[in-house]
Amino acid sequence: MGSLVWFRRDLRINDNPALYHGAAAATDGTVGLFVITPDQWIQHDDSPAKVCFWLRNLEALSDSLGKLNIPLVVKSCDAFDQVADIVIEVAKANGCEHLAFNREYEVNESRRDDAVMAACQQENIAVQRFHDRVIVPPKEIATGDGNFYKVYTPYRKVWTERAIDRANTLPPPKKQKRIEVKSSKIPTTVKGFDFGNAREDLWIAGEAEANRRLKIFSSRIKQYDDARDIPSINGTSLLSPYLAAGVISPRQCLAEARAHNAQRMGGDSGAAVWISELIWRDFYTHVMVGFPRVSMHQPFKLKTEKLDWRTSKKDLQAWKDGQTGYPIVDAGMRQLKQTGWMHNRLRMVTAMFLTKNLLIDWRLGEKHFMETLVDGDLAANNGGWQWSASTGTDAVPYFRIFNPFSQSKRFDNEGKFIKKMCPELESVPAAQLHDPKKLTEAIKTHDADYPAMVVDYKEGRERALAAFKSLD
Ligand SMILES: Cc1cc2nc3c(=O)[nH]c(=O)nc-3n(C[C@H](O)[C@H](O)[C@H](O)COP(=O)(O)OP(=O)(O)OC[C@H]3O[C@@H](n4cnc5c(N)ncnc54)[C@H](O)[C@@H]3O)c2cc1C
């Protein structure tokens, strides 16, 4: 019996349940498959940086599989509704009576997988599905009355109990005998995606690079709690694109963190705090599965649907371009534009600025992030946006609006990050970057080519408070 292993966002040979078990079940060789779906990806707002990263990781995966004599077949169709036909066609052409894949939890992905399962049943192809994307599968955690959690802290408590045995990782499958199936040439372009600004230099593909990053980060994991909020230093792991594309598994990350934490989950060290970020990742997937409306442009808190969001194209564009006149916001937005990635503290600051100070609909910000991020992930992105907009589960209360100037004073006191991303502010003394009045004067004094504030801080804040209060 031949096995077909269908890769999606699990582009690795290590700790890959579908590959490991799929290959183990094969008595007659294993074949890998990846399906490119350009129209679907456009519909999902997947960014060119991310799609480019997928292709380059596919190339690395094909090399690694080649060393195990497992060929990787790459096919293309417009959208998910054509995928079942392709899977069946490839399975039949290669004599595979067994299909293995790792689950994806989003609505369209689940529907696609259900269609594939139904088609396989008709063709007598046995299917094995595995949980892989998160450490504890979304439905394995439930409240006392069997519902999904809405609040992180109690979720985290149950997660910690469940995850204790989940840091075991699988090796790659054994090398198989050569089979008569050729690997496909991996395309370097995809219809509808311009890779011109994909920053391949920053996001090197492959499992070796992901593991290198994990090792470097793990050598300074103890400092994570202090360093993680400072955008001018590499205080975080920079692993999100690799986790999002499945080039590294969350279990591999958990195993590394626990090795630093005397195998414990809790405690005060940086490792424990880092594990709590991996838990947020699981939590937002849990929320998306439990409350699928959040992935369909609806707020978790339904009453916020009535909020009178602004849609000002001019203000939205200033935010996207990093030209709001608020230095820390502009620095973050320029980092996103230039690298496809943004520091977590700045994701919170920029998202809150858009949704509160500018009162612009969070969905417009969510879409822009997704269209630009190299690590764009529906559940994490939506969770982050709905947290910042106070529309989500366990979100920040609407009256706790970040002051961008206090944020920069606290987390970029010397203005190092601001000046790196906004070089026109180079000559402005750091202390003046954190005060709206002094900043306005300094821009004049230093004749800096930097925009005036797009909204008065106080007015924007009052407008947001009034809009949210009107929902009470
Ligand atoms: C508005 C907004 C949008 C976001 N969009 C995304 C997104 O599309 N994709 C994404 O992976 N993360 C997103 N995040 C979460 C977080 O900002 C990034 O995961 C983090 O900045 C990635 O950098 P890192 O790998 O160095 O993180 P580290 O600090 O090293 O954390 C390790 C890993 O934990 C996960 N993680 C960390 N923080 C969070 C979080 N708050 N929620 C969920 N997972 C988390 C990520 O997979 C990350 O790689 C968003 C946050 C906000 C506020």
Side-chain angles (χ1 to χ4, degrees), residues 9 44-47 49-50 53 106 133-135 152 155-156 159 202-203 210 213-214 216-218 220-221 223-231 233-254 256-257 270-288 295 319 329 332-333 335-336 339-356 362-396 402 407:
R9 283 172 301 161
H44 287 178
D45 298 325
D46 290 321
S47 74
K50 190 169 68 178
F53 190 63
E106 293 86 348
R133 272 199 77 69
V134 287
I135 294 166
Y152 173 77
Y155 169 87
R156 178 190 166 145
W159 186 98
L202 293 181
W203 308 110
R213 284 174 183 242
L214 181 59
I216 291 176
F217 173 69
S218 119
R220 43 182 171 73
I221 199 168
Q223 287 99 53
Y224 180 71
D225 197 15
D226 297 325
R228 70 191 167 127
D229 273 320
I230 312 296
I233 58 175
N234 275 349
T236 65
S237 69
L238 294 164
L239 274 169
S240 50
Y242 299 84
L243 275 162
V247 183
I248 196 165
S249 78
R251 290 170 301 279
Q252 290 173 293
C253 295
L254 179 64
E256 186 70 30
V273 180
W274 197 60
I275 291 172
S276 75
E277 298 302 340
L278 295 174
I279 308 177
W280 273 107
R281 184 175 177 275
D282 277 20
F283 176 64
Y284 281 139
T285 300
H286 174 85
V287 169
M288 179 187 72
S295 63
W319 176 81
V329 174
M333 293 308 293
Q335 182 180 41
L336 174 63
T339 68
W341 184 87
M342 196 198 295
H343 189 277
N344 180 58
R345 171 59 45 186
L346 303 180
R347 293 190 203 206
M348 293 193 285
V349 168
T350 56
M352 195 173 292
F353 183 81
L354 185 79
T355 55
K356 303 288 171 55
W362 59 272
R363 285 160 280 223
L364 296 172
E366 181 194 25
K367 182 174 166 64
H368 177 68
F369 266 32
M370 209 60 188
E371 285 172 343
T372 318
L373 282 170
V374 65
D375 65 15
D377 172 83
L378 201 164
N381 193 40
N382 184 272
W385 273 96
Q386 295 223 40
W387 181 90
S388 310
S390 306
T391 60
T393 166
D394 209 1
V396 64
F402 284 179
Q407 290 286 312

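Predicted model, so just to flag it, every value in this text is computed and none were measured. Atoms within each ligand, like the ligands themselves, are counted from 1 in listed order. Along the sequence shown, residues are numbered consecutively beginning with 1.
The stretch residues 272-288 participates, sequence neighbours left out, in these salt bridge (charged side-chain N to carboxylate O under 4.0 Å, His left out) pairs: R228-E277.
Checked against the 6.0 Å centroid threshold, H368 and W319 count as a close aromatic pair. Residues F353 and F402 keep their aromatic ring centres 6.0 Å or farther apart.
In this structure the side chain of M370 reaches within 4.5 angstrom of the side chain of K50, judged on heavy atoms. Side-chain contact check for S388 versus W362: every heavy-atom pair is 4.5 Å or farther apart. The shortest distance between side-chain heavy atoms of R9 and D377 falls below 4.5 Å.
Within 4.0 Å of ligand 1, protein heavy atoms come from Y224, T236, S237, L238, L239, S240, L243, W274, E277, L278, W280, R281, Y284, W341, M342, N344, R347, M348, A351, F369, L373, D375, G376, D377, A380, N381, G384, W385.
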